[in-house]
There are 2 protein chains.
Amino acid sequence: MLKNTEFADKLRFSGLRPTKQRLKICEVLFKRDHTFHFTINDLAKNISEQLNEKISLATVYNTVHAFKKKGYLKEISINSDKSYFDTNTTSHHHFFDEDTNELIDCDDEVIEAPKIKKNISGKKIKSVEVLVKVATDYHNQK
Amino acid sequence: MLKNTEFADKLRFSGLRPTKQRLKICEVLFKRDHTFHFTINDLAKNISEQLNEKISLATVYNTVHAFKKKGYLKEISINSDKSYFDTNTTSHHHFFDEDTNELIDCDDEVIEAPKIKKNISGKKIKSVEVLVKVATDYHNQK
DNA sequence: TTGTTATTTATAATAATTCTAAACTTTATG
DNA sequence: CATAAAGTTTAGAATTATTATAAATAACAA
């Protein structure tokens, strides 16, 4: 768990100025025990509720994208009209519960890394991710 | 390769009335040798170019969603502001080329199905899909 | 300090998608 | 085959997520 000065150092180190807004967003995102899956709106809501402060939506967008670019956040692929982000930036997989729209992280202990037997020639593999969609049995698949 | 009357039967069989518009969309989507990855706009463009006809965008949306619900199309998960669909509804995997934004299908011969060692209790697995992102080496990961 | 550069902000612009309600088709039934 | 009921199509409006803009502000280096 990082302290605020450590966030500042880390930001500076990545070439991002440690502004009030960015430090607050760090608090909300990274001062937690578990992975956080969120949309920009979830995050904006958390900021105003937890810190009782308002950061302009544009800044939240800017910051999330800056953090993603620096590798502090990951964008998640699910079929959706919104973008989801993940504070877990390690290589990992997901269960997606179609009943509740909940996304659950898991690692290679739960889902064994698939073997890639051939690759596209001239290209390097950047990431390998598995998405397992689940639902209760009676639920029609979407 | 299906004929138009066969499309009509198939639609009727799934409880969808075989309207002119739906039959045309079937032609564009399913009278082809290879998998088609498309956005709604790609499809609308194909309709107007190939058939030289205009189907209302709303209808294209309606139809694609109806076809998806009936299992004739699959929605694909990539981080994007658009929804992508796939005429390949079998269980399969994807390479995503970050340089060109191209999506390439592959099956278990190329990417071995990952083993799911634990599942969420009370849930049934609806699908298991692997997404492999690739890029040329010098390319910064997105 | 002071000047330069990065960042924040409110707001406008854009783009994908969904909604609406009227017109039109398809289908089932008498 | 006439007709009514139900399903579809349509243009356009509405909604929603996201990006762009440009002026005000804050951080940094000298």
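All chains are named by letter (A, B, ...) in the order of the sequence lines, taking the proteins before the strands, and each is independently numbered beginning at 1. Bear in mind that the values here come from a model prediction, so they are computed numbers and not experimental data.
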Does [X] place a side-chain N or O at less than 4.0 Å from the phosphate oxygens OP1/OP2 of [N]?
| X | N | result |
| --- | --- | --- |
| A:T59 | C:dT9 | yes |
| A:Q21 | C:dT9 | yes |
| B:Y61 | C:dT18 | no |
| A:S83 | D:dA17 | no |
| A:R12 | D:dC28 | yes |

Rounded to the nearest Å, what distance is computed from the [atom1] atom of residue [X] to the [atom2] atom of nucleotide [N]?
| X | N | atom1 | atom2 | result |
| --- | --- | --- | --- | --- |
| B:D42 | C:dT17 | CG | P | 11 Å |
| A:N79 | C:dA16 | CG | P | 17 Å |
| A:H65 | D:dA20 | NE2 | C1' | 14 Å |
| B:K20 | D:dT9 | NZ | P | 9 Å |
| B:K82 | D:dT18 | NZ | P | 13 Å |

Requested in this report: Pick base, sugar-phosphate or nothing for B:T39, based on heavy-atom distances below 4.0 Å to the nucleic acid.
Outcome: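 B:T39: no heavy atom of the nucleic acid under 4.0 Å.
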
Taking only the side-chain heavy atoms of [X] (C-beta and beyond), determine which of [options] contains the nearest atom.
| X | options | value |
| --- | --- | --- |
| A:K54 | D:dA11, C:dA16, C:dA10 | C:dA10 |
| B:N62 | C:dT26, C:dT17, D:dT10 | D:dT10 |
| A:R22 | D:dT19, C:dT8, D:dT10 | C:dT8 |

Report task. Take B:T19 and A:R17, find for each the nucleotide of DNA chain C with the closest heavy atom, and name the residue whose nucleotide sits nearer the 5' end. Result ->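 This one resolves to A:R17.
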
Query raised in the report: Which comes earlier along DNA chain C counting from the 5' end, the contact point of A:L57 or that of B:Y84, where each point is its nearest nucleotide?
Result: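 That would be A:L57.
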
NZ/NE/NH1/NH2 to OD/OE distance under 4.0 Å, [X] and [Y]:
| X | Y | result |
| --- | --- | --- |
| B:E109 | A:K117 | no |
| A:R32 | A:E27 | no |
| B:D99 | A:K123 | yes |

Query raised in the report: Does any N or O in the side chain of B:T39 come within less than 3.5 Å of the main-chain N or O of B:Y84, such that one atom is a donor and the other an acceptor?
Result: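 No, because the side chain of B:T39 does not come within donor-acceptor range (under 3.5 Å) of the backbone of B:Y84.
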
Query raised in the report: Hey, does the side chain of A:T90 reach the backbone of A:H92 with a donor-acceptor pair shorter than 3.5 angstrom?
Result: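 Checked: no pair found.
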
